[in-house]
Trainee: 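Following this message is one structure expressed as structure tokens.
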Amino acid sequence: MALNQLFFRKTIIAATGLFLCIFLVVHLSANCILLLPEETARSLYNSYSTTLRESPLIKIVAYLLYLSIILHVVFALLITIANRKAKPQKYVMNSSRENSTWTSQNMGLIGTMILLFIVVHLANFWARIKLGMGDAVGLDAAGNVDVYEVTSSLFHNIYYVIFYTVLAIPLALHLHHGFKSAFKTLGFYHKKGLRIVAKIALVYAIVMGVGFGIIPFIVYSK
Amino acid sequence: MKVTFKIWRQEGPDDKGAIRAYEVDGLTEDMSFLEALDHLNELLVLKDEKVIAFEYDCREGICGQCGVFINGRAHGPHDNMTTCQLHMRSFKDGDTIVVEPWRAASFPVIKDLIVDRSAFDRIIEQGAFISSKTGTAPEANAIPIPKEVSDRAMDAAACIGCGACVATCKNSSAALFTSAKINHLNGLPQGRAEEHKRVAEMTYQMEIEGFGSCTFTGACEVECPEGISIINIAEMNARVTKSKVFG
């Protein structure tokens, strides 16, 4: 029996998606350091990011993360192409609003917005700090790379603040549908359990959306 | 009452097809939707025009033949209902009602509103049955089955194969249909002997037929006349994994 593509692709998307969901929790927790008073935030944030960069374990997780994002995107693209082929002719009138959410019908579009965000976000931080592209990043008093300065200066540009905040909306929508669907895709079919998963998904999406969306504003107003 | 029908007309599988408008007077609110189409067809006969081809059989909501897309929804504006159970009282005088055939690559249009749903039959042929002869119904207590288990199997067995799930799904996924058929048999002791083979072969056929993948929009369970729960799809996914490991 050949590989069952319908299930294989979805399983990859769900598994990588859930891994990315865990990553986001860690990411947002670290971002909360930015809310502390400036000097404490600077030293904590910089020493935290130095620890991450120097830990071999984190290096493995980082490669897993790159791999997850790439697999998530590639398989989503493959699925979208196959799904479009499965419905070549659209309805003249389609009232899909009455039987499903807009988010669930437009995960590809929302995902593309998030991908655009990731590209800009990586250019802002990853390319500068890890690849050394653009302006050189200085050191703080403790001799750590001053990632705090990179963050703070970026979030003192109102256009970036707006960009980061607005793009937190598609993130929240994507997480809400993705989180609860991933469980079903991976074969979790306990009725009450799924209801709890749906509630957790809502809370998780709100916390992530508000968290990632509001921190740039707080940094801007500091 | 008077309504304007905008109906998909297509001579045959190779014809391009288009929407045509028909103003129909003399309808009553008590008429079923199919009776309204019958009425329109009678008017077309009198005008010596070709009648609109649409499928039906029982007209009592159990055969699954009468599936059409009405005003952007499978089987019309109500949740969990077949087209034959829809009545004109669900529309207002002067309404425009858009009627289209199911849209899916795996359900090609034969004529007007009739599509070829034999892809479902081929999925059924792959294992939605029990190979052993079971004879007449056994004594009721011979095989004890917990009520919960039999209820779940019966709920899945309620699927009438109308194709609304595929029609309404943006990916034309047949996951709800296939999962209902699989869970119906795999949940019961009689079906267990062939459970892994059944899952593997039916889901593989689903892929060969060109149905898309399930992305859990949930539209199917809202449009399903039998209210088959989307949880069946999650259960099927678990069974697919199980069949890969143990099958």
Trainee: Are side-chain heavy atoms of B/T217 and A/T101 found at a separation under 4.5 Å?
Mentor: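 Not touching, per the 4.5 Å side-chain cut-off.
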
Trainee: Take a 6.0 Å sphere around CH2 of A/W126 and say whether it holds more than 12 heavy atoms from other residues, nucleotides or ligands.
Mentor: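 Counting neighbours around CH2 of A/W126, 12 or fewer heavy atoms of other residues, nucleotides or ligands fall under 6.0 Å, so no.
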
Trainee: Is a donor on one side and an acceptor on the other found under 3.5 Å between the side chain of A/Y189 and the backbone of B/N237?
Mentor: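 Checked: no pair found.
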
Trainee: Using non-hydrogen atoms only, which part of B/C214 is less than 4.5 Å away from chain A: side chain, backbone, both, or neither?
Mentor: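 Contact with chain A involves the backbone of B/C214 alone.
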
Trainee: May I ask you to name which of A/K90, A/H177, A/K191 has the most heavy-atom pairs under 4.5 Å with chain B?
Mentor: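 Counting heavy-atom pairs under 4.5 Å, the top option is A/H177.
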
Trainee: Can you confirm whether A/S181 sits close enough to B/T215 that some side-chain heavy atom of one is under 4.5 Å from a side-chain heavy atom of the other?
Mentor: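 A side-chain contact under 4.5 Å is absent here.
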
Trainee: Any donor and acceptor pair, going by atom type alone, linking the side chain of A/K87 with main-chain N or O of B/C169 inside 3.5 Å?
Mentor: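 Pair found, side chain donor or acceptor close to backbone of B/C169.
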
Trainee: Between A/I79 and B/S213, which heavy-atom pair has the shortest distance, and what is it?
Mentor: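 Minimum heavy-atom separation between A/I79 and B/S213: CG2-OG, 3.5 Å.
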
Trainee: Looking only at heavy atoms, which two atoms of B/G210 and A/A86 are closest? And how far apart?
Mentor: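 Taking B/G210 first and A/A86 second, the nearest heavy atoms are O-CB, 3.4 Å.
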
Trainee: Heavy-atom cut-off 4.5 Å, strictly under: side chain, backbone, both or neither for B/I19 against chain A?
Mentor: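 Side chain only.
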
Trainee: Looking only at atom types and distance, does a side-chain atom of A/Q5 sit under 3.5 Å from a main-chain N or O of B/E207, one as donor and one as acceptor?
Mentor: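 Side chain of A/Q5 to backbone of B/E207: no pair is present.
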
Trainee: Looking only at heavy atoms, what is the nearest atom pair of A/Y91 and B/R103, with distance?
Mentor: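 That closest heavy-atom pairing would be OH-N, 2.9 Å.
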
Trainee: Tell me the closest heavy-atom pair linking B/V222 and A/E98, and the distance in Å.
Mentor: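 Smallest interatomic distance, heavy atoms only, reads CG1-O, 4.5 Å.
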
Trainee: In terms of heavy-atom proximity below 4.5 Å to chain A, should B/A175 be classed as side chain, backbone, both, or neither?
Mentor: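 For B/A175, no heavy atom lies under 4.5 Å from chain A.
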
Trainee: Name the option with the most non-hydrogen atom pairs under 4.5 Å to chain A; the candidates are B/F107, B/F69, B/F211.
Mentor: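 The option with the most such pairs is B/F69.
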
Trainee: B/T203 side chain to A/N4 main-chain N or O, any donor-acceptor pair under 3.5 Å?
Mentor: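 No, B/T203 side chain to A/N4 backbone: no donor-acceptor pair under 3.5 Å.
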
Trainee: At under 4.5 Å between heavy atoms, what parts of residues 86-95 of chain B are in contact with chain A? List them by residue number.
Mentor: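 So far as heavy atoms go, nothing in residues 86-95 of chain B approaches chain A to under 4.5 Å.
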
Trainee: Where does B/E235 contact chain A at under 4.5 Å (heavy atoms): side chain, backbone, both or neither?
Mentor: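 B/E235 touches chain A through backbone and side-chain heavy atoms alike.
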
Trainee: Near A/R53 CZ, under 6.0 Å, is it more than 12 heavy atoms from other residues, nucleotides or ligands?
Mentor: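 Atom CZ in A/R53 is packed in, count exceeds 12.
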
Trainee: Side chain, backbone, both or neither: which part of A/H190 has a non-hydrogen atom closer than 4.5 Å to chain B?
Mentor: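 It is neither, since no heavy atom gets under 4.5 Å.
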
Trainee: So for A/F188, is it side chain, backbone, both, or neither that comes closer than 4.5 Å to the heavy atoms of chain B?
Mentor: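 Backbone only.
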
Trainee: Return yes when atom OH of A/Y66 has more than 12 non-hydrogen atoms of other residues, nucleotides or ligands closer than 6.0 Å, and no otherwise.
Mentor: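 More than 12 heavy atoms, drawn from other residues, nucleotides or ligands, come within 6.0 Å of this atom.
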
Trainee: What pair of heavy atoms forms the shortest contact from B/R73 to A/S95, and how long is it?
Mentor: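 Looks like CG-CB, 3.9 Å.
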
Trainee: If only atom types and distance count, is the side chain of A/K184 paired as donor or acceptor with the main-chain N or O of B/I233 below 3.5 Å?
Mentor: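 Side chain of A/K184 to backbone of B/I233: no pair is present.
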
Trainee: Should B/E100 and A/V92 count as side-chain neighbours, where that means a heavy-atom distance under 4.5 Å?
Mentor: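 Yes, side chains in contact.
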
Trainee: Can you tell which part of A/K10 gets under 4.5 Å to a heavy atom of chain B, answering side chain, backbone, both or neither?
Mentor: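 It is the side chain, since no backbone atom gets that close.
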
Trainee: Sort A/K85 into side chain, backbone, both or neither according to what part of it lies under 4.5 angstrom from a heavy atom of chain B.
Mentor: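 Backbone of A/K85 only, per the 4.5 Å heavy-atom cut-off to chain B.
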
